[in-house]
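See structure below.
In each ligand, atom 1 is the first atom listed, and ligand 1 is the first ligand listed. In this text, all values refer to a predicted model and were calculated from it rather than measured experimentally. Excluded from the calculations below are hydrogen atoms, water molecules and symmetry mates; all remaining heavy atoms, backbone and side chain alike, are included.
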Amino acid sequence: MKFLVTGAAGLIGSNLALELQKHGKVIALDDLSAGKRQNLARFRGDFMRADIRTANYPKFLKECDAIFHEAAITDTTVTDKHLMFSVNVDAFKRLLIYAKSIGCRKIVYASSAATYGKGKVPMKETDRPAPANIYGESKVRMEQAAKAFVKENPGFSVIGLRYFNVYGPGETHKKKAASMIYQLYLQMAAGKHPRIFKWGEQYRDFIYVKDVVGANLKTLKYKNSGIFNVGTGVPGTFNRVIEVLNKAMRKDLRPEYFDNPYGFYQERTQADMSSSRAELKFVPQYNVEKGIRDYVSILNPKICIRKSRK
Ligand SMILES: NC(=O)c1ccc[n+]([C@@H]2O[C@H](COP(=O)([O-])OP(=O)(O)OC[C@H]3O[C@@H](n4cnc5c(N)ncnc54)[C@H](O)[C@@H]3O)[C@@H](O)[C@H]2O)c1
């Protein structure tokens, strides 16, 4: 099989490219504006450094089985709408045209729970989009572009995956846009009390990157087009995350609470997973405890070695 992965040096793209290479030939594309080559240290396929807004996509991908589109501006605090839309929306439309030109009939693209904004929970794909920032708006526009493309090209399977709060190996480059789980881990690894907004009971549907890769693989067997949530359906509070991190890191650091300065803050996210489960057959394998344990053992293998010797 042959695949193209965009945003392949990023958190999700790199984990996906590394898994896909077990199933065939992979072309990894990234402009390295945010992601890092070292995320692809174990990657054996071809790497193409290019900007999706201008890339000369390779014609040799004619027998491409699927394009996985992860490249995007992922920092939700970016306020330059023109930039956000040119990278996230216009470049995606360009990619769809390319897919059509080479006859690649499966395109899987990264959408986001940001399309729901501060909507009710659990969040269902049929809910009216209510993005709270231009990043979320750009994802809604991508979904609209995908729908319009499928309407004109009914033989194509174009699938949008609305990722919830992804965490896992390969996110160090994201700095302040990295997952809260990673940020809290760093504070605690430095021996500091983890800092969270009062009173830590806000919750997120945290999804481990290995499950996100699993959801992408499920799309290969799905013949239709659609939009699917990729979460666990079981959210965790920030207090709970700290509890689990303490256990996994063998620490006992109590949270330090402070006032939340953001009016647009999403208090909670939780995916309704019924459609993903029924149609994509996607069932996450990592709850927040198992995911954090696995992640900590990768971030700090010494903890894992000490534990296994006991
Ligand atoms: N991580 C999450 O929690 C989350 C949640 C919802 C949706 N998503 C979406 O999933 C996708 C992947 O996110 P991620 O967490 O891996 O982010 P990331 O920032 O780690 O990866 C994005 C990659 O895209 C690349 N990129 C950016 N602009 C580019 C351009 N113009 N041309 C080529 N490459 C470009 C970056 O260098 C980076 O490697 C994104 O579309 C993001 O919006 C992520």
Side-chain angles (χ1 to χ4, degrees), residues 4-18 27-40 43 47-57 67-78 80 82-92 94-95 98 107-117 123 131 133-143 146 159-183 204-213 215-216 227-232 266 269 271 291:
L4 170 66
V5 179
T6 73
L11 162 61
I12 297 166
S14 61
N15 281 283
L16 182 57
L18 291 169
I27 315 284
L29 182 148
D30 203 296
D31 69 351
L32 302 180
S33 55
K36 291 276 172 282
R37 261 316 285 264
Q38 88 205 44
N39 278 343
L40 291 170
F43 180 65
F47 178 77
M48 187 178 163
R49 184 170 184 173
D51 184 327
I52 48 169
R53 290 171 293 181
T54 51
N56 274 324
Y57 288 114
I67 295 174
F68 292 91
H69 179 50
E70 308 299 329
I73 293 181
T74 61
D75 181 348
T76 56
T77 61
V78 169
D80 183 340
H82 176 74
L83 177 68
M84 182 75 84
F85 276 48
S86 70
V87 175
N88 291 11
V89 187
D90 299 341
F92 174 54
R94 196 173 171 266
L95 184 65
Y98 165 67
I107 304 109
V108 184
Y109 65 98
S111 184
S112 171
T115 54
Y116 295 112
M123 292 151 158
N133 52 28
I134 57 167
Y135 167 77
E137 266 179 55
S138 75
K139 293 293 176 182
V140 173
R141 293 286 187 96
M142 284 177 78
E143 293 181 354
I159 301 165
L161 298 179
R162 285 184 179 168
Y163 304 144
F164 276 63
N165 299 83
V166 186
Y167 65 100
E171 63 171 320
T172 51
H173 64 278
K174 294 185 73 160
K175 302 191 175 80
K176 68 179 177 10
S179 71
M180 270 305 285
I181 289 180
Y182 180 60
Q183 312 219 21
R204 294 278 177 277
D205 196 327
F206 295 108
I207 175 102
Y208 196 38
V209 72
K210 292 184 182 178
D211 273 332
V212 171
V213 168
N216 275 277
I227 290 167
F228 296 100
N229 283 342
V230 176
T232 62
Q266 250 179 329
T269 64

(request) Give yes if a backbone or side-chain nitrogen or oxygen of I73 is under 3.5 Å from a nitrogen or oxygen of ligand 1, and no if not. (result) no
(request) Please check if the distance between the ring centroids of Y208 and Y167 is under 6.0 Å. (result) yes
(message) Only heavy atoms of Y135, strictly under 4.0 Å: list the atoms of ligand 1 that pass.
(response) 6 (C), 7 (C), 8 (N), 9 (C), 42 (C), 43 (O)
(message) Heavy-atom distances under 4.0 Å decide this one: backbone, side chain, both or neither, for K174 against ligand 1?
(response) side chain
(message) Applying a heavy-atom cut-off of 4.0 Å, say which part of K139 lies close to ligand 1: side chain, backbone, both or neither.
(response) side chain
(message) Check contact between S111 and ligand 1, using heavy atoms of the residue and a distance below 4.0 angstrom.
(response) yes
(message) Under 4.0 Å from a heavy atom of F164: which atoms of ligand 1 are those, numbered in the order shown and with their elements?
(response) 3 (O), 5 (C), 6 (C)
(request) Measure H173 to ligand 1 on non-hydrogen atoms and call it side chain, backbone, both or neither using the 4.0 Å cut-off. (result) side chain
(message) Show me which atoms of ligand 1 lie under 4.0 Å from any heavy atom of A34.
(response) 36 (C), 37 (O)
(request) Look at R37 together with D30 and state whether they make a salt bridge at an N to O cut-off of under 4.0 Å. (result) no
(request) Provide the number and element of each atom of ligand 1 under 4.0 Å from a heavy atom of G35. (result) 36 (C), 37 (O), 38 (C), 39 (O)
(request) Using a strict 4.0 Å cut-off to heavy atoms of G7, name the atoms of ligand 1 that fall inside it. (result) 23 (C), 24 (O)
(request) Check ligand 1 against A9 and write out every atom of the ligand that is under 4.0 Å from a heavy-atom position of the residue. (result) 39 (O)
(message) Taking 4.0 angstrom as the limit and counting only heavy atoms of V87, give me the atoms of ligand 1 inside it, by number and element.
(response) 28 (N), 31 (N)
(request) Work out whether the distance between some heavy atom of A50 and some atom of ligand 1 is less than 4.0 Å. (result) yes
(message) Counting non-hydrogen protein atoms only, what is the nearest one to atom 12 (C) of ligand 1? Give residue, atom name and distance.
(response) E70 O, 3.3 Å
